[in-house]
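Notes follow the structure.
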There are 2 protein chains.
Amino acid sequence: MSTTKQKIFNTAVDLFSRKGFSGVSVREITRNVGIKESSLYNHYKNKDDILTKIFDYFQTQMQKATPTKQYLQEKIKTIPPEQFWETGLVNFQKATQTPQIQKISKIVLLEMFQNQRARDIALEEFFTRQQKLAVMIFEIMQESNLIGKDNDPKVLALEYTYGMLGLQFEYNILSNWNLPTKTIQEKMLSHIKFISEIAKNSIGGEN
Amino acid sequence: MSTTKQKIFNTAVDLFSRKGFSGVSVREITRNVGIKESSLYNHYKNKDDILTKIFDYFQTQMQKATPTKQYLQEKIKTIPPEQFWETGLVNFQKATQTPQIQKISKIVLLEMFQNQRARDIALEEFFTRQQKLAVMIFEIMQESNLIGKDNDPKVLALEYTYGMLGLQFEYNILSNWNLPTKTIQEKMLSHIKFISEIAKNSIGGEN
DNA sequence: GTCTATACGAGGATAGAC
DNA sequence: GTCTATCCTCGTATAGAC
């Protein structure tokens with residue numbers, strides 16, 4: 001059971017993600033929904049308002065998908081670090097790659113250079129949040145003696161996160177065009193293995 | 001001395017990079033150039049044609065900026081690995097961050113999900129090319145006994161490249177909005193140091 | 001809450017005079 | 001190579017009937 005308002009929302013998400021905000025007209029949205037242009041304005045103030053609501057939804061969902069410190073502390077002790085990262089990756093992809101969220105991520109990426117809200121979301125959700133999360137995880141792992149203590153958690157987090165971001169980025173492009181992503185998935189696992197190895201065998205810290 | 005055709009080109013690059021292809025009208029381009037709409041069609045077949053020419057130019061420039069294997073082989077021997085990467089980063093940024101190239105990079109990123117040509121350029125120039133280059137460099141370093149031989153050059157290249165791509169990505173967003181990029185620059189150096197350390201002190205390879 | 005009707009500026013593009 | 005004039009469609013948005 002989906003209301004007209006929801007239909008507009010979903011249709012807009014789909015179209016914006018495929019053609020960009022300015023590439024989609026109100027006419028096109030309403031044509032796809034099956035209502036007249038004028039009816040749309042009963043649900044949303046204007047075209048911009050739809051985008052705002054989409055971004056609101058995205059932020060809510062991303063926050064929901066972020067694990068708490070407590071959850072992490074408990075979870076980390078149950079499995080080896082490398083496996084923890086693999087599971088985390090799978091969970092992240094599961095939460096983050098529902099069609100809806102993937103589409104909105106794309107909208108964020110598309111509008112990031114023009115729309116301030118999109119920029120803030122990109123910086124916060126894709127960079128800062130991931131970074132903080134990874135720092136926290138490496139700290140917990142060190143405290144629990146699961147990995148060596150010679151490496152700065154911040155450095156490890158930087159390496160883990162940005163590498164993963166580069167990979168995610170390529171993954172997004174490929175999956176957007178239905179190109180095979182197997183190689184990237186393998187590279188992600190290779191990346192996790194690499195960082196886990198280093199975290200385990202301390203290789204000497206700052207001079 | 002700049003012809004009308006060049007003015008159109010430069011204006012289009014500037015506007016497309018700021019508003020996206022579909023966010024810019026032919027009227028807006030010609031208004032900025034100082035000619036009538038109809039005059040534009042004496043120089044370019046249509047709006048799409050301008051974008052195509054912009055992409056052509058970009059690929060030519062990126063190819064020019066790619067060092068040859070011979071150049072690398074000679075250069076690598078003259079300085080320590082970490083310094084080599086730092087120099088390489090500076091050179092890359094110098095070549096790649098002229099206002100024009102930076103703008104076109106942004107256009108590529110903006111259109112990547114909608115325009116097949118932009119997608120191909122992104123994959124080729126941002127991922128494949130960088131990756132191949134890094135593999136080549138690590139191989140030369142190993143052959144020249146400048147780094148340990150226990151790590152697979154491909155793995156090192158993967159780690160170096162994707163980490164750098166994530167960082168470049170954040171750098172692009174920040175610099176686009178005139179936000180401070182000092183932190184990212186530091187992170188880039190930290191990344192180089194990290195990878196160089198690992199390449200130097202072999203930490204044990206595949207099992 | 002949806003429709004018809006309507007407004008009007010902006011969109012890409014062409015024909016033909018100069 | 002540039003201009004004026006013109007085409008017709010698409011763009012967002014509103015007023016008011018049902």
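Naming: A, B, ... by sequence-line order, numbering from 1 per chain. Just so we're clear, the structure is a prediction, and the values are computed from it rather than from any experiment.
For the side-chain hydrogen bond (donor to acceptor under 3.5 Å, both in side chains) criterion with B/Asn176, the lone passing option out of B/Lys106, B/Gln102, B/Arg18 is B/Lys106.
Per the geometry, OH belonging to B/Tyr44 stands 12 Å off P belonging to D/dG1, to the nearest Å. We find that NZ of B/Lys19 is positioned 13 Å from C1' of C/dA10, with the value rounded to whole Å. For the pair B/Leu15 CG and C/dG12 P, the computed distance is 12 Å after rounding to whole Å. Atom CD1 in B/Ile29 sits roughly 12 Å away from atom C1' in C/dG11 (whole-Å rounding). B/Ile35 has its CD1 atom 14 Å from the C1' atom of C/dA13, to the nearest Å.
Taking side-chain N and O atoms only, B/Ser39 has a distance below 4.0 Å to OP1 or OP2 of D/dC3.
No more than 12 heavy atoms of other residues, nucleotides or ligands sit less than 6.0 Å from atom CD of A/Gln70. No more than 12 heavy atoms of other residues, nucleotides or ligands shown are found within 6.0 angstrom of NZ on B/Lys19.
For A/Phe169 and B/Phe126, the gap between ring centers reaches or exceeds 6.0 Å.
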Starting at the 5' end of nucleotides 7-13 of chain D, put B wherever the base has a protein heavy atom under 4.0 Å, S where only the sugar-phosphate does, and a dash everywhere else.
---BBBB
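Using a 4.0 Å cut-off between a side-chain N of Lys or Arg and a carboxylate O of Asp or Glu, B/Lys200 and B/Glu197 qualify as a salt bridge.
Side-chain atoms of B/Lys36 lie closest to D/dT4 of the nucleotides D/dG1, C/dC3, D/dT4.
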Verdict with reasoning, B/Trp85 to B/Phe92, per ring pair (Phe, Tyr, Trp, His ring centres under 6.0 Å)
CA-CA 10 Å; B/Trp85 287 111; B/Phe92 180 73; over 10 Å; no
